[in-house]
Amino acid sequence: MEKSSSQREQAFDSIRRNYEEICAQIEQAASSAGRSAEDIHFLGATKTVEPELINYAISLGLREIGENRVQELLAKYEEYDLSRADLQFIGKLQTNKVRQIIGKVSLIQSVDSVKLAQEISRISLREGLTTRILIEVNIGREENKSGVLPEMLEDLIGEISAMPAISIKGLMSVPPICDTKQAISKYFDDMYKIFIDISDKKFDNVSMDLLSMGMSDDYREAILSGANMIRVGSRLFGARIYR
Ligand SMILES: *Cc1c(COP(=O)(O)O)cnc(C)c1O
């Protein structure tokens, strides 16, 4: 549906207000945690969001965006303003779709199996690229949820780090939905411990630069627990409309 110009202005206004509020809160949370806001990556989760609105957020200063679905990413690909922002993949990735996004995204955040990593490695090698990835951890041990179980993480990192043309840059997690801030913070704290533990082990070819956790409802708690990348969708762009 075409938006009237006043609808567009309203959408822009609300994105601008949201963007400024989120930046202020990142600032506050970082400072409470004794860190600098510049060290926190603020990624906009852009599923269902029109490129025009995404590009508006980029014009405000958003430097990282993430899509969840390969098909949607490809449909929007030509329209993103990637001269100023970095496109990443944050959703569940099927092995047979890997080849469609290699070279288009700067980071794949959701790698949780040897099989998926092998395909990323194989295609990247063929294209003469190195693909940066995060390993997704199923910190809540939820059934039917993506991510490797914490006790399997070290073995998975060991195997993937030996593959060519793929480079592990950190960890990502989507904890279970929780009723309280304390409950979600416990998962974030557990993730941070794992992140530090893996960093200390100094695997070859692995740099634990990024800990990606925290979304619209809990990015402050995530930063307080040690996240240095948050992924914010609805709090920035408004409630999602699935077509
Ligand atoms: C949609 C999504 C987000 C953002 O969710 P909001 O609650 O809208 O902020 C973050 N991470 C992943 C992996 C997502 O799929």
Side-chain angles (χ1 to χ4, degrees), residues 11 14-15 17-26 29 40-51 53-54 56-58 60 62-76 80 85-94 97-98 101 105-113 116 132-140 142 144-148 169-181 183-185 187-188 191 195 210-243:
S14 112
I15 290 172
R17 276 195 308 275
N18 293 342
Y19 181 77
E20 284 165 5
E21 280 168 21
I22 296 164
C23 288
Q25 282 169 344
I26 292 173
I40 314 286
H41 296 250
F42 170 9
L43 174 136
T46 53
K47 56 178 175 273
T48 78
V49 182
E50 291 167 44
L53 301 181
I54 299 171
Y56 179 69
I58 293 172
L60 299 173
L62 189 71
R63 288 294 165 261
E64 292 170 78
I65 59 174
E67 288 286 353
N68 279 72
R69 289 167 178 278
V70 170
Q71 205 182 347
E72 184 178 345
L73 182 149
L74 295 175
K76 286 148 87 175
Y80 302 120
D86 228 38
L87 176 63
Q88 306 180 15
F89 193 79
I90 62 175
K92 187 162 182 59
L93 182 56
Q94 287 169 304
K97 299 216 167 132
V98 166
I101 63 165
V105 296
S106 65
L107 182 69
I108 300 175
Q109 295 208 8
S110 39
V111 177
D112 62 359
S113 73
L116 178 58
R132 300 159 71 247
I133 64 163
L134 304 182
I135 306 292
E136 182 172 355
V137 180
N138 182 356
I139 194 65
E142 292 170 282
N144 306 319
K145 189 140 169 186
S146 308
V148 60
K169 293 294 174 193
L171 304 178
M172 182 271 222
S173 189
V174 184
I177 311 233
C178 294
D179 292 335
T180 65
K181 298 290 182 196
I184 192 85
S185 293
Y187 288 114
F188 290 147
M191 274 305 299
F195 179 72
L210 295 170
L211 177 57
S212 171
M213 58 185 192
M215 317 199 300
S216 286
D217 292 333
D218 50 31
Y219 59 88
R220 277 156 292 190
E221 287 73 25
I223 293 170
L224 291 174
S225 295
N228 62 10
M229 179 183 275
I230 57 170
R231 308 176 310 267
V232 181
S234 46
R235 179 72 186 77
L236 175 60
F237 294 109
R240 279 184 284 279
I241 302 160
Y242 288 94
R243 279 171 234 274

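Just so you know, residue 1 is the first one in the sequence shown, and it goes up from there. First listed ligand is number 1; within each ligand, the first listed atom is number 1. What you see is a predicted model; the values in this text were computed from it and never measured.
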Starting from the N and O atoms of ligand 1, collect every protein N/O partner closer than 3.5 Å and put each pair on its own line with the distance to 0.1 Å.
| from | atom 1 | to | atom 2 | distance (Å) |
| --- | --- | --- | --- | --- |
| ligand 1 | 8 (O) | Ser234 | N | 2.8 |
| ligand 1 | 8 (O) | Ser234 | OG | 2.9 |
| ligand 1 | 8 (O) | Arg240 | NH1 | 2.8 |
| ligand 1 | 8 (O) | Arg240 | NH2 | 3.3 |
| ligand 1 | 9 (O) | Ser216 | N | 2.9 |
| ligand 1 | 9 (O) | Ser216 | OG | 2.5 |
| ligand 1 | 9 (O) | Gly233 | N | 2.8 |
| ligand 1 | 11 (N) | Arg231 | NE | 2.9 |
| ligand 1 | 15 (O) | Lys47 | NZ | 2.7 |
| ligand 1 | 15 (O) | Asn68 | OD1 | 3.4 |
| ligand 1 | 15 (O) | Asn68 | ND2 | 2.7 |

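- For Phe42 and Tyr219, the distance between ring centers is not under 6.0 angstrom.
- A salt bridge is defined here as a Lys NZ or Arg NE, NH1 or NH2 lying under 4.0 Å from an Asp or Glu carboxylate O, and Glu67 with Lys76 meets this definition.
- Considering CD of Glu21 and CG of Leu236, their distance stands at 11.0 Å, rounded to 0.5 Å.
- Taking CG of Asp112 as the reference point, atom CD1 of Ile135 lies at 8.5 Å (rounded to 0.5 Å).
- Among Gln109, Lys145, Glu142, Met213, the single residue meeting the side-chain contact (heavy atoms from CB on, under 4.5 Å) criterion with Val174 is Lys145.
- Residues Ser212 and Leu134 share a closest heavy-atom pair of CB-CD1, 3.7 Å.
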